[in-house]
Amino acid sequence: METARSSERQRTAAERRRRELLEAADRVVLRDGPQASMNAIAAEAGITKPILYRHFGDKGGLYRALAKRHTDALLSALRAALDAPAERRARVEATLDTYLAAIEARPQVYRFLMHPADTADASPSAEQGFDVGRHSAPLLRRLGEELGQVIVERVDLGPDSEQMARIWGHGIVGMMHAAGDWWLADRPCSRERLVSSLADLLWGRLAEAGDRDVKGGPGF
């Protein structure tokens, strides 16, 4: 029994330490964006880089942990927007706006997750950047699968509902990502105008589809 309690305490302490390291990494990412480095994160946490590797395995492990942390929070916010008590068009616009508001509020985090750093210093001693391209595609795929699941649960798209919902989920995420990336960089219009225009693009068949009977919430 004492061994089990000791193991539980160790596991709890390790989880707490991992959260503290992720919070330190977040602070560096908020400051440095894609230029965030393992050296800077270790310094922010007050540890050496080998200890940071011990907790996350490698640089990719830390990136995945940060990506999951922010993707979980974004998915929770998107689901809340989808489940709000409002007409479907209003919920579609609220969902688009939730995504755009998230990347607008923390642009450095978005750029860290989606854009590689410019590596002007190519000397052998320079720290290699995070391999963003390798990890951002799975992040977008997860968002697409999750949104597709939300759609299939809430919208009746006929005999091929499940496949159609997955197509829509990935298509909507791709649209939000591409349009949001362009908008965040150039700010060619207001966020409200972009939300309304993207909702117009989505509205064709979605306006005609029936709601499924969802317990405890609206359809899509």
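Starting from 1, each residue takes its place in the sequence as its number. Predicted model, so just to flag it, every value in this text is computed and none were measured.
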Could you walk me through whether E145 and R141 satisfy the salt bridge (Lys or Arg N to Asp or Glu O under 4.0 Å) test, starting with their C-alpha distance in whole Å, then the side-chain angles of each, then the deciding distance to 0.1 Å, before giving a yes or no?
CA-CA 6 Å; E145 287 294 330; R141 278 200 298 272; over 6 Å; no

Indicate the atoms forming the closest heavy-atom contact of I103 with G180, along with that distance.
CD1-O, 3.8 Å

Is the shortest heavy-atom distance from the side chain of M114 to the side chain of L140 under 4.5 Å?
yes

Charged N to carboxylate O below 4.0 Å: is that the case for E23 and R18?
no

Do T48 and L52 pass the side-chain contact (heavy atoms from CB on, under 4.5 Å) test, and can you show the C-alpha distance, the side-chain angles, and the key distance before you say yes or no?
CA-CA 7 Å; T48 62; L52 193 58; over 6 Å; no

Classify the angle between the aromatic ring planes of H115 and Y110 as parallel (below 30°), tilted (30 to 60°) or perpendicular (above 60°).
perpendicular

side-chain contact (heavy atoms from CB on, under 4.5 Å), that's the test. Do W168 and L157 meet it? Break it down for me.
CA-CA 11 Å; W168 281 19; L157 296 173; 3.6 Å; yes

Do R191 and W183 meet the cation-pi criteria used here (NZ or CZ under 6.0 Å from the six-membered ring centre, within 45° of the axis)?
no

Salt-bridge present (D32, R111; N to O < 4.0 Å):
no

Out of curiosity, H177 NE2 to L139 CG, how far, rounded to the nearest 0.5 Å?
9.5 Å

Tell me, do L75 and R142 make a side-chain contact under 4.5 Å, heavy atoms counted?
yes

From CA spacing to verdict: salt bridge (Lys or Arg N to Asp or Glu O under 4.0 Å), R91, D97:
CA-CA 10 Å; R91 279 184 279 119; D97 190 61; over 6 Å; no

Got a sec: does the CD of E20 have more than 12 other heavy atoms crowding it under 6.0 Å?
yes

State, to 0.1 Å, how close L198 and L96 come at their nearest heavy-atom pair, and which atoms those are.
CB-CD1, 3.8 Å

Between A102 and L74 the two heavy atoms that sit nearest each other are CB-CD1, 4.0 Å

Which atom pair, heavy atoms only, marks the closest approach of L30 to Q108?
O-CG, 3.5 Å

After noting the C-alpha distance and the side-chain angles of L62 and L21, does the key distance pass the side-chain contact (heavy atoms from CB on, under 4.5 Å) rule?
CA-CA 10 Å; L62 176 58; L21 293 176; over 6 Å; no

Salt-bridged, R19 to D26, with N to O below 4.0 Å?
no

Mind running salt bridge (Lys or Arg N to Asp or Glu O under 4.0 Å) on E93 and R88 for me, showing each step along the way?
CA-CA 9 Å; E93 291 190 354; R88 181 183 290 177; over 6 Å; no

Contact between D83 and R154 at the side-chain level, heavy atoms closer than 4.5 Å - yes or no?
yes

Looking at every heavy atom in both M38 and Y53, which two are closest together, and how far apart are they?
CE-CE2, 3.6 Å

L202 side chain near M175 side chain, heavy-atom distance below 4.5 Å:
yes

Run the side chain to side chain donor-acceptor pair (under 3.5 Å) test on E153 and Q149 for me, step by step, so that the C-alpha distance in whole Å, both residues' side-chain angles and the decisive distance to 0.1 Å come before the verdict.
CA-CA 6 Å; E153 289 170 357; Q149 187 59 39; 3.2 Å; yes

Does some side-chain heavy atom of R89 sit less than 4.5 Å from a side-chain heavy atom of D200?
yes

Enclosure of E15 CD (heavy-atom neighbours >12, cutoff 6.0 Å):
yes

Taking S161 for its side chain and G158 for its backbone only, find out whether a donor-acceptor pair lies under 3.5 Å.
yes

Atom CZ of R17 with >12 non-hydrogen neighbours under 6.0 angstrom:
yes

Tell me, do L147 and L82 make a side-chain contact under 4.5 Å, heavy atoms counted?
yes

What is the minimum heavy-atom distance between Y99 and M176, and which atoms define it?
CE2-O, 3.4 Å

Centroid-centroid distance, Y63 to F56, less than 6.0 Å:
no

With no hydrogens and no angle check, is any side-chain donor or acceptor of D58 less than 3.5 Å from a backbone partner on G61?
yes

Decide yes or no for I172 and I151: does some side-chain heavy atom of the first lie under 4.5 Å from some side-chain heavy atom of the second?
yes

Kindly say whether P188 contributes a backbone atom to a donor-acceptor pair with the side chain of D186 at under 3.5 angstrom?
no

Please answer whether the main-chain N or O of D72 pairs with a side-chain N or O of S76 as donor and acceptor at a distance below 3.5 Å.
no

Nearest 0.5 Å, please: how far is CD1 in I167 from CE in M164?
5.5 Å

Any non-hydrogen side-chain atom of K49 less than 4.5 Å from a side-chain atom of K59?
no

